[in-house]
Peer 1: 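Mind looking over this structure? Questions follow.
Chain naming here is simple, since letters A, B, ... match the order of the sequence lines and numbering starts at 1 in each.
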2 protein chains.
Amino acid sequence: MAESGHTPQVVEELTISLGDRIANGEIPLGGWIRQAKVAAEHNVSRTPVSLALNRLEAIGVLERVPNRGFRVRVPSYREIMEVVEVRELLEGRAVALAAERITEAQLRRLRDSVAELRELVRMIRDGGDPEAAAAQWQRSYGSFHRTIFEAAGNSQLQGISDALYRKVPRGITWRALQNDPRMLTRIADECEHIAAAIDNRDAISAQELTVAHIEAVRDFTLAHLPSPD
Amino acid sequence: MAESGHTPQVVEELTISLGDRIANGEIPLGGWIRQAKVAAEHNVSRTPVSLALNRLEAIGVLERVPNRGFRVRVPSYREIMEVVEVRELLEGRAVALAAERITEAQLRRLRDSVAELRELVRMIRDGGDPEAAAAQWQRSYGSFHRTIFEAAGNSQLQGISDALYRKVPRGITWRALQNDPRMLTRIADECEHIAAAIDNRDAISAQELTVAHIEAVRDFTLAHLPSPD
DNA sequence: CTGAAGTTGATTGCATGCAATTTATCGAGA
DNA sequence: TCTCGATAAATTGCATGCAATCAACTTCAG
């Protein structure tokens with residue numbers, strides 16, 4: 001019943017909650033977000049919701065139409081190209097730095113992520129729950145990349161990469177990947193090769209493999225895009 | 001007297017206004033921002049001010065302390081290093097792309113920016129108005145970089161670069177540069193060389209010169225930082 | 001049946017109000 | 001004088017209220 005008092009600091013929670021729901025596709029691309037609805041779901045007033053939505057617009061996740069509200073931005077074909085181009089640059093550098101600085105614990109997490117991707121291939125082949133598969137994809141592939149940026153030791157690189165993933169969510173790739181165990185297997189293979197290059201402290205190979213990997217995933221994703229506007 | 005009605009869409013205006021005042025140092029690094037004060041200055045209520053401040057925090061310009069408000073983030077030594085490292089990567093790529101794609105009009109603007117930097121050197125030598133010099137610096141050096149990103153034709157590159165410049169404003173460099181016409185002359189020289197390489201469509205040289213330039217400015221800036229925490 | 005004009009309902013954009021929290025002020029005791 | 005504690009002032013965080021706006025629907029002329 002929302003004690004009339006305060007202190008909860010609810011804006012951050014709303015921002016994260018909405019951001020997650022957008023990232024995993026629960027709120028679809030292009031979907032409108034109604035302040036009153038979100039407010040009711042979280043038992044708060046519209047004020048903190050409005051604050052959270054403004055934050056999400058500021059980082060490029062939402063689009064605001066004056067007097068109409070906010071909706072989830074739909075990245076254009078061109079925007080996806082550009083974002084991936086930048087990610088290639090950033091991850092290429094990150095993986096090279098990671099090859100020089102990675103710790104044993106981080107290497108284990110990298111290998112665990114690859115193992116989880118293999119597990120995911122089995123899940124798909126066995127016709128497992130699509131919901132669970134999507135969640136597993138987000139976790140595993142996300143963890144793989146996050147670990148690399150963490151190992152690179154440049155938090156700006158990490159932050160920018162996160163921002164780009166919010167703009168062009170991994171869910172877009174997943175929709176293309178969902179019914180294609182072959183491509184998923186290839187992704188797992190390439191991740192394993194990248195991890196191996198990092199393990200060998202071979203910065204050059206790691207960078208080349210990463211750039212090639214990102215381009216391959218990009219081309220695959222773009223080829224399976226709903227409407228090639 | 002602020003018609004009791006609506007439609008003004010004042011949040012965006014506030015965000016830009018505050019962002020500018022922070023970028024040009026009118027609101028100092030570490031300075032607190034009082035919602036009631038800003039609201040009074042703009043003849044609006046605290047609500048849109050709060051929205052604007054949340055936006056600025058979301059993009060890393062402000063820092064929020066719960067129940068205490070927002071203050072301008074003071075980038076740490078390490079953060080400056082990291083931001084510059086990423087800028088080096090982005091601008092290196094941008095300048096290489098620009099060398100392949102730049103238009104004649106953009107080249108003219110690039111050369112104009114260099115000429116304005118030379119003009120600025122004279123202003124400093126002649127003991128001109130520091131305010132005007134600072135503004136000129138922002139315009140000229142900012143225009144130089146913006147033109148390069150524009151010529152590169154990747155708006156994500158541009159957007160990320162802008163975000164990084166809001167995090168570590170050019171004003172920090174200017175404070176170090178203000179009393180050093182020699183370094184400023186060197187900057188103008190290097191910008192001229194970069195522009196010449198672009199003009200020659202020499203992507204490799206342009207990139208190398210840019211990386212070297214950014215590192216030189218970084219080292220100079222860091223060496224003149226107020227408190228080397 | 002089509003299209004312009006008026007009406008209703010949903011929704012945003014901002015103002016205002018109030019409790020919670022923090023900071024500043026001030027006085028008493030060591 | 002310095003410190004501790006209580007009280008007052010400043011400030012945030014959120015709730016609520018209402019006018020402005022837009023979409024959808026209705027109505028009516030042609």
Peer 1: Give me the distances for all protein-to-nucleotides 5-10 of chain C N/O pairs that come in under 3.5 Å?
Peer 2:
none

Peer 1: Could you state the atom-to-atom distance from NE2 of A:His42 to P of D:dA15 in whole Å?
Peer 2: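 Answer to the nearest Å: 13 Å.
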
Peer 1: With salt bridge (charged side-chain N to carboxylate O under 4.0 Å, His left out) as the rule and sequence neighbours excluded, what pairs involving residues 146-160 of chain B come up?
Peer 2: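 Non-adjacent pairs meeting salt bridge (charged side-chain N to carboxylate O under 4.0 Å, His left out): B:Arg109-B:Glu150.
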
Peer 1: Rounding to an integer number of Å, can you tell me how far A:Leu14 CG sits from D:dG13 C1'?
Peer 2: 13 Å

Peer 1: Taking only Lys NZ, Arg NE, NH1 and NH2, and the carboxylate oxygens of Asp or Glu, determine whether A:Glu63 and A:Arg71 approach each other closer than 4.0 Å.
Peer 2: yes

Peer 1: How do A:Arg46 and B:Ile33 order along DNA chain D: which one's closest nucleotide is nearer the 5' end?
Peer 2: B:Ile33

Peer 1: For B:Glu116, enumerate each residue passing the salt bridge (charged side-chain N to carboxylate O under 4.0 Å, His left out) test, keeping only those at least two apart in sequence or located in another chain.
Peer 2: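 In terms of salt bridge (charged side-chain N to carboxylate O under 4.0 Å, His left out), with neighbours along the sequence ignored, B:Glu116 is linked to no residue.
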
Peer 1: Rounded to whole Å, please give me the gap between CZ in A:Arg68 and C1' in D:dA20.
Peer 2: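 So the CZ-C1' distance, A:Arg68 to D:dA20, works out to 15 Å.
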
Peer 1: How many Å lie between CZ on B:Phe70 and P on D:dT12, as a whole number?
Peer 2: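 So the CZ-P distance, B:Phe70 to D:dT12, works out to 9 Å.
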
Peer 1: Within the side chain of A:Ser17, is there an N or O that forms a donor-acceptor pair under 3.5 Å with the backbone of A:Glu13?
Peer 2: no

Peer 1: Rounded to whole angstrom units, what separation is found between the CD atom of A:Gln35 and the C1' atom of D:dT16?
Peer 2: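 Roughly 14 Å, once rounded to whole Å.
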
Peer 1: Does any pair with a residue in residues 49-58 of chain B pass side-chain hydrogen bond (donor to acceptor under 3.5 Å, both in side chains), and if so which ones, sequence neighbours excluded?
Peer 2: A:Asn54-B:Arg55, A:Arg55-B:Asn54, A:Arg55-B:Glu57, A:Glu57-B:Arg55

Peer 1: What is the distance from CH2 of B:Trp32 to C1' of C:dA24, rounded to the nearest Å?
Peer 2: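 Distance, rounded to whole Å: 15 Å.
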
Peer 1: Can the ring centres of B:Tyr141 and B:His145 be said to be less than 6.0 Å apart?
Peer 2: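 So the answer is yes for these two rings.
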
Peer 1: In whole Å, what is the span from the CD atom of A:Glu12 to the P atom of D:dT12?
Peer 2: 18 Å

Peer 1: Between B:Glu85 and B:Arg218, does any NZ, NE, NH1 or NH2 come within less than 4.0 Å of an OD or OE carboxylate oxygen?
Peer 2: no

Peer 1: Which parts of residues 47-58 of chain A get close to DNA chain D, meaning a heavy atom less than 4.0 angstrom away?
Peer 2: A:Thr47, A:Pro48

Peer 1: Between atom CD in B:Gln9 and atom C1' in D:dT21, what is the gap in whole Å?
Peer 2: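 Result: 10 Å.
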
Peer 1: Between A:Pro66 and A:Ser45, just flag the one whose closest nucleotide in DNA chain D comes earlier from the 5' side.
Peer 2: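 Looking at DNA chain D, the more 5' nearest nucleotide goes with A:Ser45.
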
Peer 1: Any luck finding a side-chain donor-acceptor pair between A:Ser140 and A:Ser113 under 3.5 Å?
Peer 2: no

Peer 1: From the list C:dT23, D:dC14, C:dG13, which nucleotide is the closest neighbour of the side chain of A:Asn67?
Peer 2: C:dG13

Peer 1: Determine which pairs satisfy salt bridge (charged side-chain N to carboxylate O under 4.0 Å, His left out) with at least one residue from residues 33-54 of chain A, sequence neighbours left out, and list them in order.
Peer 2: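 Listed once each, the pairs are A:Arg21-A:Glu41, A:Lys37-A:Glu41.
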
